[in-house]
There are 2 protein chains.
Amino acid sequence: MRVSLKDVAAHAGVSIKTVSNVVNNYQHVTPAMRERVQRSIDALGYRPNLAARHLRKGRTGIIALALPELGNPYFAELAASVIDAASGHDYIVLLDHTGGSREQELLVSQGFRARVIDGLILSPIELETEDLRDRAQEVPLVLLGERDYDLPYDHIAIDNVAAARAAVRHLIGLGRREVAFIGARRGRSEPAQLRVRGWREELTAAGLPADEGLVAATDGWGHADGARAMKHILDSGRRPDAVFAYNDPMAIGAMRVLHERGLRVPEDIAVVGFDDVIEGRFGAVTLTSVSPDKAAIGRLAVESVLARLNDQAPEPRRIWADYQLVERESTLGRPAGAGRGTA
Amino acid sequence: MRVSLKDVAAHAGVSIKTVSNVVNNYQHVTPAMRERVQRSIDALGYRPNLAARHLRKGRTGIIALALPELGNPYFAELAASVIDAASGHDYIVLLDHTGGSREQELLVSQGFRARVIDGLILSPIELETEDLRDRAQEVPLVLLGERDYDLPYDHIAIDNVAAARAAVRHLIGLGRREVAFIGARRGRSEPAQLRVRGWREELTAAGLPADEGLVAATDGWGHADGARAMKHILDSGRRPDAVFAYNDPMAIGAMRVLHERGLRVPEDIAVVGFDDVIEGRFGAVTLTSVSPDKAAIGRLAVESVLARLNDQAPEPRRIWADYQLVERESTLGRPAGAGRGTA
DNA sequence: TTCGAGTTTTACAACGTTATACATCCCGTT
DNA sequence: AACGGGATGTATAACGTTGTAAAACTCGAA
């Protein structure tokens with residue numbers, strides 16, 4: 001069996017607690033004693049049993065990250081950034097995916113999928129405010145993403161309305177007048193509402209009609225959904241001169257359809273995506289996109305969870321991460337601005 | 001504080017162990033007793049403390065999955081499939097990424113990054129046989145991916161040589177004679193060696209020269225690396241009529257360069273990738289690719305780890321997963337429909 | 001020498017669970 | 001009626017760690 005503190009203590013001829021003190025770098029240990037115990041530790045190859053430590057301290061050193069789907073590279077990159085951030089605090093990350101379904105999100109938020117965690121970072125899609133309200137407050141929860149909840153949890157996101165407005169402003173600046181929005185979600189909940197709102201506000205501000213006939217609802221968030229939505233718009237006889245998609249995969253799916261129909265990007269239709277995933281930089285037409293600071297989001301999420309875990313956190317707050325509009329071939333034209341903010 | 005077995009026992013007026021028996025579905029519990037205890041469990045909202053269970057049983061219910069990088073959608077999709085497979089066995093997945101560096105892979109393989117796990121699924125890139133040989137045998141290890149080790153661990157992969165040969169055979173069948181390979185890795189280790197070997201064998205079998213001048217080494221595995229490699233080949237004055245890339249992102253990066261140089265895919269140069277990631281289906285030219293059965297790989301990996309954990313596993317073995325060559329526009333016999341976008 | 005105030009080490013009791021060994025109960029058989 | 005044996009429930013001791021409180025040192029000053 002494995003070496004325990006008891007074995008080390010016996011080997012060094014001291015009490016168990018003294019060994020524990022050495023292991024944990026307790027202040028009051030004489031250098032001589034530390035040396036002696038350390039020698040036994042090395043000799044026996046002792047390594048702490050984390051299960052016992054967890055039981056005793058009530059901490060596991062694990063935080064869970066629940067994302068809608070890993071297939072979307074934005075979430076994959078976000079996961080990577082969370083893992084790195086956590087690693088810097090000696091935390092490891094348990095990953096789960098919900099498929100963006102309310103049921104799974106509920107299970108995750110109530111801790112039924114993972115019960116060994118110190119904290120949870122959740123990026124909800126369909127979850128409603130009331131779903132989270134009766135959450136048994138077991139471990140700290142930090143929310144990520146576009147949904148807008150009025151709840152006592154930290155929430156990290158970029159300013160989706162402002163970012164969407166920047167994207168639409170950019171398109172208008174190119175002289176486009178009919179800007180379609182791809183990716184409003186069907187059903188009662190409206191996860192895309194902030195981006196749709198930004199689209200609407202900016203058009204209105206520019207004195208253009210926010211034509212709801214140019215808003216295409218979809219069932220999912222992938223390439224295929226974007227393609228279907230684009231087809232739907234074109235088949236309905238509309239011919240917008242610009243498309244703003246909920247995210248990059250949908251934008252790329254839409255561009256594929258435009259290509260199949262012989263429509264040129266950006267000459268006939270300009271396209272802007274959201275998330276700035278790597279694949280947008282290598283298509284035949286590179287994609288202009290809103291680029292959230294993923295590294296910052298991951299870092300802030302981890303820091304928030306850990307702060308709350310250590311009771312160092314003030315009241316729950318909304319934290320804004322930076323973003324940037326990155327222009328590429330799909331909207332060749334003149335420069336646009338960046339945005340940012342703080343809570 | 002949280003509800004423990006003790007609380008439930010007091011509430012139900014029985015001993016702690018009886019409650020434990022109910023929780024663990026122990027055989028000999030009368031329905032009446034089970035009912036009564038269950039009522040208390042529900043009333044108090046009891047949920048087992050995994051740290052304690054872990055300490056007692058020596059199991060955590062967690063397996064770790066260590067992948068080179070999540071940014072590559074192949075690995076992201078693989079992670080999703082492992083998470084789903086594990087979930088079916090009441091296991092959860094701790095995710096780590098190594099960046100494909102030997103140092104990180106070593107840390108992971110020796111359990112220094114995560115020590116609360118029952119088993120480890122590792123997809124190594126640079127790790128050498130000897131690095132794994134002196135691994136302290138703490139938890140079961142299952143290997144994934146292209147590397148070929150002669151070690152007592154289960155190894156799950158598709159037959160890379162055969163798959164690569166199928167890809168090259170397909171290109172030769174189109175009448176292509178100069179097939180470049182993109183993505184051999186620099187340095188002493190040769191992670192891409194099996195696919196290069198398949199490339200070489202198939203060309204030779206067809207009576208064509210395996211021209212090493214058409215093999216492009218890269219530093220990484222991403223879009224940008226593929227683009228660089230393609231540029232390198234073209235700049236060296238070579239003009240192959242086909243390209244076989246180590247993976248899809250590299251193939252897509254290469255196609256972008258071909259597009260920039262005014263070379264048509266597939267008319268001038270046919271392209272085949274590897275992994276069949278979703279993004280290959282939505283470019284201006286969709287990508288022919290070797291499609292490994294990711295769901296099977298995830299499932300087999302989880303099953304292998306758990307079998308070994310339960311001592312139900314025979315001697316370590318190599319397990320082959322299925323694959324398929326999916327043909328798309330990048331290797332179409334005749335020119336694709338809508339002309340290429342312009343400008 | 002004795003005392004006191006710090007400093008260093010120790011003994012012991014948790015943390016919440018499951019395994020072991022034992023006690024009890026309920027039967028059908030003698 | 002008493003017995004034996006399987007089915008069911010219980011008390012207790014681990015698992016390996018850390019927090020608490022108390023004991024045992026050290027050292028300078030009375």
Side-chain angles (χ1 to χ4, degrees), chain A residues 1-41 44-62 90 111 115-118 138-139 309-310, chain B residues 1-41 44-62 90 111 115-118 138-139 309-310:
Chain A
M1 214 17 215
R2 267 178 60 159
V3 187
S4 77
L5 281 183
K6 191 156 84 175
D7 303 317
V8 177
H11 184 273
V14 296
S15 84
I16 291 180
K17 188 63 211 307
T18 300
V19 181
S20 171
N21 286 339
V22 171
V23 171
N24 292 286
N25 272 316
Y26 180 65
Q27 273 194 336
H28 304 297
V29 180
T30 50
M33 178 60 92
R34 189 179 297 276
E35 165 76 18
R36 172 171 151 212
V37 171
Q38 188 61 50
R39 216 182 289 275
S40 294
I41 288 176
L44 299 179
Y46 166 78
R47 280 175 44 197
N49 176 321
L50 295 196
R53 183 175 288 174
H54 296 164
L55 173 57
R56 182 62 236 228
K57 308 230 292 191
R59 292 279 179 83
T60 65
I62 301 177
D90 281 323
R115 299 179 296 194
V116 262
I117 60 175
D118 291 345
E138 304 218 352
V139 301
L309 200 52
N310 298 325
Chain B
M1 217 14 218
R2 267 178 60 156
V3 187
S4 78
L5 281 184
K6 191 156 83 176
D7 304 318
V8 177
H11 185 272
V14 296
S15 85
I16 291 180
K17 189 63 211 305
T18 300
V19 181
S20 170
N21 286 340
V22 172
V23 171
N24 292 285
N25 270 316
Y26 182 64
Q27 274 194 336
H28 305 297
V29 180
T30 49
M33 178 59 93
R34 190 180 297 277
E35 165 76 19
R36 171 170 151 213
V37 171
Q38 188 61 50
R39 215 182 291 277
S40 296
I41 288 178
L44 299 180
Y46 166 77
R47 283 174 39 201
N49 176 320
L50 293 204
R53 180 176 288 175
H54 177 200
L55 173 58
R56 184 63 236 218
K57 306 225 298 189
R59 291 282 179 84
T60 64
I62 301 178
D90 282 323
R115 298 180 297 191
V116 266
I117 60 176
D118 291 347
E138 304 217 353
V139 302
L309 200 51
N310 298 323

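Letters A, B, ... are given to chains in the order of the sequence lines, protein chains preceding strands, and every chain is numbered from 1. When reading the values below, keep in mind they use all heavy atoms of this one structure, side chains included, and skip hydrogens, waters and symmetry mates.
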- Task: For the side chain of B/K6, starting at C-beta, report the closest nucleotide among C/dT18, D/dT17, C/dC15.
- Result: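 In terms of side-chain proximity for B/K6, the closest of C/dT18, D/dT17, C/dC15 is C/dC15.
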Report, one pair per line, the protein and nucleotides 9-13 of chain D atoms (nitrogen or oxygen only) whose separation is under 3.5 Å.
{"residue": "D/dG9", "atom": "OP1", "partner": "B/T30", "partner atom": "OG1", "Å": "2.9"}
{"residue": "D/dG9", "atom": "OP2", "partner": "B/T30", "partner atom": "N", "Å": "3.4"}
{"residue": "D/dT10", "atom": "OP2", "partner": "B/S15", "partner atom": "N", "Å": "3.2"}
{"residue": "D/dT10", "atom": "OP2", "partner": "B/S15", "partner atom": "OG", "Å": "3.3"}
{"residue": "D/dT10", "atom": "OP2", "partner": "B/T18", "partner atom": "OG1", "Å": "2.2"}

Please produce a list of atom pairs where a protein N or O lies less than 3.5 Å from an N or O of nucleotides 4-6 of chain D.
none

- Message: Return the CG to OG1 distance between A/L5 and A/T18, rounded to the nearest 0.5 Å.
- Response: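 Atom-to-atom, A/L5:CG and A/T18:OG1 are 10.5 Å apart.
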Take the protein atom [atom1] of [X] and the nucleotide atom [atom2] of [N], then report the distance between them rounded to whole Å.
X     : N      : atom1 : atom2 : result
B/H54 : D/dT17 : NE2   : P     : 12 Å
A/L5  : D/dT18 : CG    : P     : 6 Å
A/L55 : C/dT18 : CG    : C1'   : 13 Å
A/R59 : D/dG19 : CZ    : P     : 12 Å
B/R47 : C/dT17 : CZ    : P     : 12 Å

- Message: For a quick test of reading the model, state the closest non-hydrogen atom pair linking B/I117 to B/V139 and the distance between them.
- Response: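 Minimum heavy-atom contact is O-CG1, 3.4 Å.
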- Over all heavy atoms of both residues, which pair between A/I41 and A/V22 is shortest? Give the atoms and the distance, please.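 A/I41 and A/V22 have their closest heavy atoms at CD1-CG1, 4.4 Å.
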List for me each residue that meets side-chain hydrogen bond (donor to acceptor under 3.5 Å, both in side chains) alongside [X], sequence neighbours excluded, and say none if there are none.
X     : result
B/R36 : none
A/N25 : A/R34
A/T30 : none

- Apply salt bridge (Lys or Arg N to Asp or Glu O under 4.0 Å) to A/R39 and list each qualifying residue two or more places apart in sequence or on a separate chain.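 Result, salt bridge (Lys or Arg N to Asp or Glu O under 4.0 Å) vs A/R39: A/E35.
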- Query: Hey, are the side chains of A/V23 and A/Y46 touching, using non-hydrogen atoms and a 4.5 Å cut-off?
  - Reply: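 Touching, per the 4.5 Å side-chain cut-off.
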- Task: For residues A/N21 and A/M33, determine if any side-chain heavy atom of one lies less than 4.5 Å from a side-chain heavy atom of the other.
- Result: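 A/N21 vs A/M33: side chains apart.
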Provide a list of protein-nucleic acid N or O atom pairs under 3.5 angstrom, restricted to nucleotides 22-27 of chain D.
none

- Task: Could you list all the salt bridge (charged side-chain N to carboxylate O under 4.0 Å, His left out) pairs where at least one residue sits in residues 5-19 of chain A, not counting sequence neighbours?
- Result: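 Salt bridge (charged side-chain N to carboxylate O under 4.0 Å, His left out) check on residues 5-19 of chain A returns no pairs.
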- Task: Have a look at the helix from C/dT1-D/dA30 to C/dT30-D/dA1 and give the angle its two end axes make, five pairs each, rounded to 10 degrees.
- Result: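 One end axis against the other gives 70°.
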- A/T60: partners by side-chain contact (heavy atoms from CB on, under 4.5 Å), with sequence neighbours left out: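 Only A/H54, A/I62, A/D118 meet the side-chain contact (heavy atoms from CB on, under 4.5 Å) criterion with A/T60.
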- Query: So does B/N24 get a side-chain nitrogen or oxygen closer than 4.0 Å to the phosphate oxygens (OP1/OP2) of C/dT18?
  - Reply: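 Result: yes.
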- Message: When you measure from the side-chain N and O atoms of B/R53 to the phosphate of C/dG16, is any distance below 4.0 Å, counting only OP1 and OP2?
- Response: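 Answer no for this pair, as no side-chain N or O of B/R53 is under 4.0 Å from OP1 or OP2.
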- Task: For the pair B/V3 and B/H11, evaluate side chain to side chain contact (heavy atoms under 4.5 Å, CB included) and give the outcome as yes or no after the intermediate values.
- Result: CA-CA 11 Å; B/V3 187; B/H11 185 272; over 6 Å; no
- Message: Before you tell me yes or no, could you show the steps for B/V116 and A/R53 under side chain to side chain contact (heavy atoms under 4.5 Å, CB included), namely the whole-Å CA-CA distance, both residues' side-chain angles and the distance that decides it to 0.1 Å?
- Response: CA-CA 11 Å; B/V116 266; A/R53 183 175 288 174; over 6 Å; no
